[in-house]
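The structure appears below as structure tokens.
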Amino acid sequence: MSLSRRHFIQLSALGLVAGPTLVSASQQSETGLKGEPGVRRLKLALKPEKRHWFAPLGEPVGLWAFDRDQLRLRQGEPVEIEVENQLPEPSSVHWHGLRIDNAMDGVSGLTQAPIAPGGRFVYRFTPRDAGTYWAHSHHKTYEQLARGLYLPLIVEEPEPVAVNRDLVLTLDDWRLNDARQFDAASLGAMHDWAHGGRTGNLLTVNRQLKPRFNVKGGERVRLRLLNTANARIMALRLPDLPSWIWAKDGQPLATPKAHSGPLLLAPAERYDLVIDLPAQEQGSLAVQLETDGAPIDLAYLQLDGHIEQGPRDDPRPLPANPLAQLGDGPADHSVQLDMTGGAMGRLRQAVYGDQTLSVRELVQQKQIWAFNGVVNMPEMPLLEVRSGDLVEVEMLNNTRWPHSMHLHGQHFQSDLTRYHPGLWHDTVVMAPGEQTRIRFRAGNPGSWLLHCHMIEHQAAGMVSWIRVLA
Ligand SMILES: [Cu+2]
């Protein structure tokens, strides 16, 4: 990863913007939809919106967005979410990391037809797991995600967790043009698709440039970090304070792990951290992005006053989610996923649809990456398994690029040494040449994608799927 400060538009002279608006599920209005008693009914709209997203001054910027900043649901509480598409093109909503019915997974063309402009779709599910997730478009994702069509999704534990403050930091990377508007002209650029994906020139937290989050000295803070960028892998430098990793991709660690040093956050990955703030009245603690030069400030924890707080014990683990254990036995299914292609790769030809095409022909179709020699969605799944089976996928990154590999609908464990052993993931980042064996218990029946979440790579071929039978 190579980047420097000069690649980023510096808008800091424009001043700082206020903290995020938090909307909890209990504050969201009922919609009058018919449904079961005890079912929380919500409406979400997908819409274009031009406003001062990044900073309060300058020209407003046109992005696409959900009509709220954050969605908070409760573990075990059924919801009906009516999504209205107010965009000029079709869309769909994927609930990233939630283990729900396959028909609700929101993958247009696989689990549902896209929601037409002006159309609606009602998503019905019950979040089984508490934690930090997100919702995002899964239709023409390389464009819709870049335009901002995503929403942090918090599933609250049934009982409040012992922290003084709960902060969500959604990190994104936007490409603006010379007029400081969203750069639509470069959407779909083949150079991005064949290299490291679409990276931007403006980094934001909660769509704001260098926001300040008000905190008090002595507080214990739950910091939820989420990377929604299309393709930028971020190495974060956090304030040098007592910190623990509490959860990864929504799933709590059995024992919180003390953390220091940079935290790598690839596209779609999430971490929940616990941070104990110093007992001081005033001060500003920066969350920074590591670069090959000086780090870049992304956001600040702004100390204003303090709470009386004696010495604290290390944090206790979050309540476990109801994940099936993997056990020590042999896998019921084992398969390799050979990842090839991209710039400087050795891909010569690959199967696309029902044809074998040369790399030149593939590029004409905007395809350049392959899984097991097949470009884009294969007709047959990578694996067909039964719900409850223990499944092993050995993923081999035989490319010159990192990849952020995401499995829909189930969490897995990985033997990659950059992660603490025993972490659960729905997304892991693999360096060039790296390999990993992931293991999971097959979850709900249906068709579940396995794809690169550096989303131009998915668009250009890095996507397969598994079929889970009842
Ligand atoms: Cu990739």
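For this chain, numbers begin at 1 and follow the sequence in order. Counting starts at 1 for both ligands and their atoms, following the listed order. Since the structure is predicted, the reported quantities are computational estimates derived from the model, not experimental observations.
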- Query: Cationic tip of Arg207 within the cone over Tyr150's six-membered ring, i.e. under 6.0 Å and within 45° of the normal?
  - Reply: yes
ask   = Counting heavy atoms not belonging to Arg400, are there more than 12 under 6.0 Å from its CZ?
value = no
Could you tell me whether Lys248 sits above the aromatic face of Trp424, with NZ or CZ closer than 6.0 angstrom to the six-membered ring centre and within 45 degrees of the axis?
no
Q.
Counting only heavy atoms not in Arg346 (residues, nucleotides, ligands), do more than 12 fall under 6.0 Å from its CZ?
A. no
Given a cut-off of 2.8 Å, the protein N, O or S atoms lying below it from the Cu ion (ligand 1) are His403 ND1, Cys452 SG, His457 ND1
*Taking the inter-plane angle between the rings of His406 and His94 on a 0 to 90° scale, is it parallel (under 30°), tilted (30 to 60°) or perpendicular (over 60°)?*
tilted
Exercise for review: Please state whether the rings of His191 and His195 are parallel, tilted or perpendicular, taking 30° and 60° as the class boundaries.
Suggested key: parallel
